Amino acid sequence: MQKVNYLGQSNCYRLSNGTVEVIVSTDVGPRILRYGFVGGENVLGEYPDLKVTSELGEWTAYGGHRLWTAPEAMPRTYSPDNLPVEFQINGDHSIHLLQRVEPRTGIQKEMGVTLDREGSRLEVHHYHALWGYDDPAARTLSLA
């Protein structure tokens, strides 16, 4: 794991196994800013200048992947996640991100990100207390 600057954010962490890389931000989020083959295109896209303003404040798309609440609804879905997150590094290929409680919605989001040691598989676990059930499979996104 390597601390890097990405999309103008100086507190990002790059996880790589030599085949693919994932970059998460601890400046905002929880967010995955990049996933792709090393030296290749970001398959999650990048939109650092795209902003949405709601009664909750200004939300920046950045691109990548973020945890959304469902069903999508304005303004809750676009609650700004522009503050630093707490994080815990779990070895060379795994990191856990924890957002502060959103002051206007009362929602707190967590994301666990683990890259396989070989190949292209990335596992993302989403945690959200308001979902009301505890089924890890229902909150897991795997990219391969």
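From a predicted model like this one, the values you see are computed outputs, not experimental measurements. As a basis for the values below, the full set of heavy atoms in this structure was taken, side chains included, without hydrogen atoms, waters or symmetry mates.
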Just wondering, do [Y] and [X] contact through their side chains at under 4.5 Å, heavy atoms?
| X | Y | result |
| --- | --- | --- |
| L33 | V24 | no |
| Y127 | K109 | no |
| I32 | V113 | yes |
| S25 | Y13 | no |
| W59 | R66 | yes |
| Q88 | I95 | no |
| T19 | E118 | no |

How close do [X] and [Y] get, heavy atom to heavy atom, and via which atoms?
| X | Y | answer |
| --- | --- | --- |
| D92 | L15 | O-CG, 4.2 Å |
| G40 | R34 | O-NH2, 2.9 Å |
| P30 | L97 | CB-CB, 3.7 Å |
| Q108 | Q99 | NE2-O, 2.8 Å |
| C12 | I23 | CB-CG2, 3.7 Å |
| A61 | Y47 | CB-O, 3.9 Å |

Audit row: R100, E102, salt bridge (Lys or Arg N to Asp or Glu O under 4.0 Å) steps and yes/no: CA-CA 6 Å; R100 298 176 191 172; E102 295 174 353; over 6 Å; no
Side-chain (N82) to main-chain (V28) donor-acceptor, under 3.5 angstrom: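 No: the side chain of N82 does not pair with the backbone of V28.
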P84 backbone acceptor or donor facing D27 side chain under 3.5 Å: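 Between the backbone of P84 and the side chain of D27 there is no qualifying donor-acceptor contact (under 3.5 Å).
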Just verifying a value: how many Å separate [X] [atom1] and [Y] [atom2], rounded to the nearest 0.5 Å?
| X | Y | atom1 | atom2 | answer |
| --- | --- | --- | --- | --- |
| H65 | L122 | NE2 | CG | 9.0 Å |
| N5 | S10 | CG | OG | 6.0 Å |
| H126 | M111 | NE2 | CE | 4.5 Å |
| N17 | H93 | CG | NE2 | 5.5 Å |
| S16 | M1 | OG | CE | 11.0 Å |
| E86 | T26 | CD | OG1 | 11.0 Å |

Verdict with reasoning, N42 to Y6, per side chain to side chain contact (heavy atoms under 4.5 Å, CB included): CA-CA 12 Å; N42 182 356; Y6 194 74; 3.9 Å; yes
Taking [Y] as the starting point, is it possible to reach [X] by hopping between hydrophobic residues whose side chains are less than 4.5 Å apart?
| X | Y | answer |
| --- | --- | --- |
| V124 | V20 | yes |
| Y62 | L83 | no |
| L115 | V43 | yes |
| F37 | Y35 | yes |
| L67 | V22 | yes |

Polar side chain donor-acceptor pair, E110 to H96, under 3.5 angstrom: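 On atom types as modelled, these side chains qualify, holding a pair under 3.5 Å.
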Intermediate values then yes/no, side chain to side chain contact (heavy atoms under 4.5 Å, CB included), T60 and L50: CA-CA 6 Å; T60 304; L50 180 61; over 6 Å; no
